[in-house]
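This report refers to the structure that appears directly beneath it.
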Amino acid sequence: MTLARLAFAIIGVLCLAAAPLVRPAAATAGSADQFIAALGDNVIKVITDESSTPDVKEQSFRQMFNEAFDSDEVMKFILGRHWRTATEEQRREFRQAFEDLAVKTYASRFGQYSGEQFKVRNAQRGATPDEYIVPSLIERPNGPPLRIDWKVRQYGENWRIADIVVEGVSMALTYRQEYSAFIQKHNGQLQALIDTMKAKVRENRAEN
């Protein structure tokens with residue numbers, strides 16, 4: 001497993017779960033901090049709740065995925081030019097398959113939590129007035145801490161995660177590169193990627 005994949009798995013365990021979203025009146029560094037801090041604090045409560053079943057935790061993660069991520073913009077970036085040429089049906093299928101894979105992949109790792117501590121640092125202004133970069137650290141009992149930078153944007157009263165950068169590696173860019181290479185190997189056919197993702201979703205469901 002690459003460093004990026006390992007780190008994203010740890011994020012799935014520690015940082016990506018349903019959490020009450022901070023709804024500030026205006027975008028500020030402090031409110032961006034609060035959004036990410038609340039996300040981390042609440043997920044630890046969720047994954048350490050012994051009374052909660054795996055199905056309930058998975059449902060919570062799916063809700064978070066839909067509420068906390070800027071899904072449309074992330075999907076557009078990941079597929080690049082293939083998004084622009086995709087049909088509406090292909091876009092819908094890709095969104096659903098990506099969501100299903102993310103939920104199954106990360107929710108299945110909730111049980112791997114082993115006391116990691118999530119610490120948020122002061123946010124920094126991003127490229128636009130409504131964008132902030134929130135640095136954070138995941139401190140592990142065994143091993144050096146992981147640096148996680150969260151790119152967040154505000155839409156109206158809601159914050160959305162646009163990207164996660166782990167030790168300098170962008171999650172969105174990693175997916176973009178992998179998917180672009182896959183599509184290129186399959187004669188530029190986006191449908192080949194979608195069909196493979198859907199098959200992986202069915203395989204995951206059959207295993208559970």
Side-chain angles (χ1 to χ4, degrees), residues 1-19 21-22 24 27-40 42-43 61-84 86 91 94-103 105-107 109 116 118-138 145-156 158-183 193 197:
M1 181 181 290
T2 66
L3 172 62
R5 288 296 186 192
L6 173 61
F8 297 155
I10 293 173
I11 291 172
V13 174
L14 182 59
C15 306
L16 301 184
L21 302 186
V22 175
T28 66
S31 55
D33 295 348
Q34 294 168 22
F35 169 61
I36 295 301
L39 197 62
N42 280 275
V43 69
F61 179 71
R62 185 179 296 275
Q63 179 182 352
M64 180 288 311
F65 185 90
N66 288 314
E67 292 183 355
F69 274 87
D70 187 0
S71 299
D72 283 345
E73 290 304 315
V74 172
M75 298 298 107
K76 290 176 185 178
F77 177 81
I78 288 175
L79 287 185
R81 62 186 178 86
H82 300 290
W83 178 270
R84 295 190 293 273
R91 291 176 180 178
F94 179 77
R95 282 193 197 97
Q96 189 62 58
F98 190 91
E99 175 186 325
D100 289 341
L101 282 175
V103 169
T105 299
Y106 295 129
R109 293 184 168 90
E116 290 85 357
F118 182 59
K119 297 186 177 180
V120 175
R121 296 180 172 179
N122 293 335
Q124 305 163 3
R125 178 76 71 173
T128 62
D130 61 350
E131 179 181 285
Y132 287 87
I133 307 300
V134 183
S136 68
L137 287 176
I138 295 179
L146 285 175
R147 167 72 180 263
I148 315 292
D149 291 338
W150 304 79
K151 181 186 289 186
V152 299
R153 299 191 183 109
Q154 190 181 38
Y155 295 89
N158 299 314
W159 286 102
R160 294 288 185 268
I161 298 169
D163 195 10
I164 305 170
V165 181
V166 182
E167 296 291 344
V169 180
S170 161
M171 181 185 72
L173 183 58
T174 296
Y175 278 118
R176 180 184 175 111
Q177 292 171 340
E178 290 185 0
Y179 287 170
S180 177
F182 183 96
I183 293 171
L193 172 64
M197 293 171 70

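Everything numeric here is computed off the predicted structure, so don't read it as measured data.
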Please report the closest heavy-atom contact between [X] and [Y], naming both atoms and the distance.
X      : Y      : answer
Ala32  : Val134 : O-CG2, 3.8 Å
Val74  : Ile161 : CG2-O, 4.3 Å
Ile133 : Pro135 : O-CD, 3.4 Å
Arg153 : Ala162 : NH1-CB, 3.3 Å
Arg176 : Gly80  : NH1-CA, 3.7 Å
Trp150 : Ser136 : NE1-OG, 2.9 Å

Any non-hydrogen side-chain atom of [X] less than 4.5 Å from a side-chain atom of [Y]?
X      : Y      : answer
Phe94  : Ile78  : yes
Met197 : Leu101 : yes
Val166 : Met171 : no

### Message
Using the side-chain hydrogen bond (donor to acceptor under 3.5 Å, both in side chains) criterion, which residues pair with Arg91? Sequence neighbours excluded.
### Response
Glu88
### side-chain hydrogen bond (donor to acceptor under 3.5 Å, both in side chains) involving Arg147 - partner list, sequence neighbours excluded
Asp149
#### Entry: For Arg95, all residues meeting salt bridge (charged side-chain N to carboxylate O under 4.0 Å, His left out), sequence neighbours excluded
Asp72
### Message
In this structure, is the centre-to-centre distance between the rings of Tyr175 and Phe98 below 6.0 Å?
### Response
yes
Residues that [X] engages under side chain to side chain contact (heavy atoms under 4.5 Å, CB included), provided they are two or more places apart:
X     : value
Ser71 : Phe65, Phe69
Gln96 : Arg62, Glu99, Asp100
Lys76 : Glu73, Trp83

### Task
Ignoring hydrogens and angles, tell me if any N or O in the side chain of Asp70 forms a donor-acceptor pair with the backbone of Arg160 under 3.5 Å.
no
### Query
Just by distance, do the side chain of Asp33 and the backbone of Asn122 share a donor-acceptor pair under 3.5 Å?
no
Supply the atom-to-atom distance [X] [atom1] to [Y] [atom2], rounded to the nearest 0.5 angstrom.
X      : Y      : atom1 : atom2 : value
Arg121 : Ile148 : CZ    : CD1   : 11.5 Å
Glu178 : Leu173 : CD    : CG    : 10.0 Å
Asp130 : Arg125 : CG    : CZ    : 9.0 Å

### Task
Tell me, please, which residues at least two apart from Tyr155 pass ring-ring contact (aromatic ring centres under 6.0 Å, His included).
none
